[in-house]
Amino acid sequence: MKQTLTICQLKQMLVEQEKIKQVKLLKFGLLTTDEEVKEHNNESLSGYLLYPTTIEFIETTDKLEGVVGLKFGIEYSIEGYTDEKFVDVTFTCKISHPLLTNPNTGDSSTVTVETKNSYLNENNFDYFCFEYDWEIKKGAWTFQILENEVIKLEKTFEIL
């Protein structure tokens with residue numbers, strides 16, 4: 001006998017797979033970092049992502065002048081359905097932005113995506129650094145934190 005699931009049952013199954021109850025925005029804006037390590041990533045137009053050990057927010061703002069060297073982003077708390085520490089969770093940081101084209105490869109994109117592994121009930125951060133002139137595009141730059149394609153947090157910056 002073939003069994004079909006109702007929409008409510010399917011939604012309940014997805015909720016049961018979720019580990020993140022909510023993501024709270026703690027800080028946002030202009031920031032500095034300590035020494036950054038470049039890690040190869042085919043999803044990035046530059047071919048890599050930057051990973052610092054720490055970041056420091058130096059100005060709370062969501063309107064920024066686009067210049068080479070500018071670093072902006074978000075710090076957030078990942079709250080789980082349990083209060084336990086050190087529970088592994090996988091989520092996605094997606095940054096939607098105006099169309100960027102790498103002049104060296106010809107590759108273009110309107111999103112930068114990173115799959116992340118972290119712990120529940122901990123703080124995390126994501127940021128973007130304008131390293132090259134071709135990355136600086138005026139308009140809306142939206143950071144989203146997603147779990148199973150469900151948006152848990154969204155913050156938009158305007159690059160002037």
Side-chain angles (χ1 to χ4, degrees), residues 3-64 69-98 100 107 109-131 135 137 139-159:
Q3 182 180 6
T4 57
L5 298 173
T6 67
I7 291 176
C8 288
Q9 289 171 321
L10 288 170
K11 285 183 179 179
Q12 183 61 35
M13 287 174 61
L14 280 174
V15 167
E16 289 171 2
Q17 293 175 358
E18 290 181 354
K19 292 183 178 182
I20 299 174
K21 183 176 182 180
Q22 66 179 344
V23 179
K24 289 185 178 178
L25 183 63
L26 301 175
K27 298 177 185 174
F28 65 90
L30 183 63
L31 59 93
T32 61
T33 62
D34 62 357
E35 185 176 327
E36 297 163 313
V37 175
K38 290 182 181 181
E39 186 175 297
H40 176 75
N41 186 301
N42 288 332
E43 304 269 336
S44 171
L45 284 176
S46 64
Y48 59 86
L49 295 174
L50 298 173
Y51 292 99
T53 306
T54 60
I55 65 171
E56 181 181 340
F57 286 87
I58 54 177
E59 183 181 346
T60 301
T61 183
D62 52 16
K63 293 182 183 358
L64 299 154
L70 176 74
K71 296 177 185 181
F72 63 101
I74 58 175
E75 182 178 5
Y76 50 91
S77 169
I78 304 171
E79 297 183 8
Y81 285 99
T82 172
D83 289 338
E84 289 180 58
K85 292 272 189 179
F86 309 115
V87 175
D88 290 327
V89 65
T90 300
F91 60 97
T92 303
C93 173
K94 177 181 173 183
I95 305 171
S96 300
H97 47 69
L100 304 181
D107 294 336
S109 183
T110 58
V111 295
T112 299
V113 178
E114 178 186 8
T115 300
K116 302 184 75 166
N117 298 301
S118 190
Y119 292 124
L120 290 177
N121 305 308
E122 297 253 326
N123 293 351
N124 210 315
F125 61 83
D126 289 290
Y127 72 101
F128 197 93
C129 175
F130 290 140
E131 294 181 278
E135 293 175 312
K137 298 291 181 186
W141 288 67
T142 302
F143 286 69
Q144 293 178 326
I145 305 302
L146 303 103
E147 181 186 33
N148 300 327
E149 301 301 316
V150 176
I151 298 170
K152 301 289 185 167
L153 175 70
E154 183 171 277
K155 175 64 183 159
T156 299
F157 294 88
E158 183 183 352
I159 301 301

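With hydrogens and angles disregarded, no donor-acceptor distance shorter than 3.5 Å links the side chain of Lys38 to the backbone of Leu49. With hydrogens and angles disregarded, no donor-acceptor distance shorter than 3.5 Å links the side chain of Glu36 to the backbone of Pro52. One N or O on the side chain of Asn41 and one on the backbone of Glu43 form a donor-acceptor pair closer than 3.5 Å. Without hydrogens or angle criteria, Asn121 side chain to Glu84 main chain gives a donor-acceptor distance under 3.5 Å.
Put simply, the residue from Leu25, Leu26, Val23 that forms a side-chain contact (heavy atoms from CB on, under 4.5 Å) with Ser77 is Leu26.
No side-chain N or O of Asn124 forms a donor-acceptor pair with one of Tyr119 less than 3.5 Å apart. In the model, Tyr48 has a side-chain atom that pairs as donor or acceptor with a side-chain atom of Glu131 under 3.5 Å.
Shown here is Asp83, whose CG atom has no more than 12 heavy atoms of other residues, nucleotides or ligands within 6.0 Å. Residue-environment remark: NZ (Lys116) exceeds the threshold of 12 foreign heavy atoms within 6.0 Å.
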Fill in: Trace of the side-chain contact (heavy atoms from CB on, under 4.5 Å) decision for Thr33 with Thr54
CA-CA 6 Å; Thr33 62; Thr54 60; over 6 Å; no
Practice prompt. Please report the C-alpha distance between Leu100 and Ser109 in whole Å, then the side-chain angles of each, then the deciding distance to 0.1 Å, and finally whether the side-chain contact (heavy atoms from CB on, under 4.5 Å) criterion is met.
Written response: CA-CA 6 Å; Leu100 304 181; Ser109 183; over 6 Å; no
Practice prompt. Run the numbers on Tyr51 and Glu114 for side chain to side chain donor-acceptor pair (under 3.5 Å), then give the verdict.
Written response: CA-CA 12 Å; Tyr51 292 99; Glu114 178 186 8; 2.6 Å; yes
Practice prompt. Please assess Thr112 against His97 for the test side chain to side chain donor-acceptor pair (under 3.5 Å), listing each intermediate value before the final yes or no.
Written response: CA-CA 8 Å; Thr112 299; His97 47 69; 2.9 Å; yes
Discussion item. Between Ile159 and Phe130, does the side-chain contact (heavy atoms from CB on, under 4.5 Å) criterion hold? Intermediate values first, please.
Written reply: CA-CA 11 Å; Ile159 301 301; Phe130 290 140; 4.1 Å; yes
Discussion item. What verdict does the ring pair (Phe, Tyr, Trp, His ring centres under 6.0 Å) test give for Tyr127 and Phe143, after you've listed the backbone C-alpha separation in whole Å, the side-chain angles of each residue and the deciding distance to 0.1 Å?
Written reply: CA-CA 9 Å; Tyr127 72 101; Phe143 286 69; 8.9 Å; no
Worksheet item: Passes side-chain contact (heavy atoms from CB on, under 4.5 Å), Val89 versus Ile20? Steps please.
Response: CA-CA 8 Å; Val89 65; Ile20 299 174; 3.7 Å; yes
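Ion pairing between Glu79 and Lys24 holds under the 4.0 Å rule for side-chain N and carboxylate O. Salt-bridge check for Glu59 with Lys27: failed, with every basic side-chain N at 4.0 Å or more from each acidic carboxylate O. In this structure, Asp88 does not pair ionically with Lys19, as no charged nitrogen and carboxylate oxygen lie closer than 4.0 Å. For the pair Glu149 and Lys94, the salt-bridge criterion is not met [side-chain N within less than 4.0 Å of a carboxylate O]. By the 4.0 Å N-to-carboxylate-O rule, Lys63 lies close enough to Glu158 to be salt-bridged with it.
Note that the CG atom of Leu31 and the CD1 atom of Ile58 stand 7.0 Å from one another [nearest 0.5 Å]. Going from atom NZ of Lys155 over to atom CD1 of Ile95 covers 14.0 Å, rounded to the nearest 0.5 Å. Rounding to the nearest 0.5 angstrom, the gap separating the CZ atom in Phe28 from the CG atom in Asp62 is 5.0 Å. Rounding to the nearest 0.5 Å gives a distance of 4.0 Å between CD1 of Ile151 and CD of Gln144. Separation of atoms CZ (Phe125) and CD (Glu56) is listed at 12.5 Å; rounding is to 0.5 Å. With values rounded to the nearest 0.5 angstrom, Leu64 atom CG is found 14.0 Å from Lys71 atom NZ.
Across all their heavy atoms, His40 and Gly47 have their closest contact at ND1-O, 3.3 Å. When all heavy atoms are compared, the tightest approach of Lys152 to Lys21 is NZ-O, 4.1 Å. Residues Gly139 and Pro98 come closest through the heavy atom pair CA-CG, 4.3 Å. In terms of heavy atoms, Cys129 sits closest to Leu50 at CB-CD1, 4.1 Å.
Looking at heavy atoms from C-beta onward, Ile145 lies in side-chain contact with Asp126 at the 4.5 angstrom threshold. No side-chain heavy atom of Val113 sits under 4.5 Å from any side-chain heavy atom of Cys93. Leu146 places none of its side-chain heavy atoms less than 4.5 Å from the side chain of Phe91. The side-chain heavy atoms of Glu35 and Thr53, taken from C-beta on, include no pair separated by under 4.5 Å.
Ring geometry for Phe72 against Phe128 counts as tilted: the plane angle lies between 30° and 60°, on a 0 to 90° scale.
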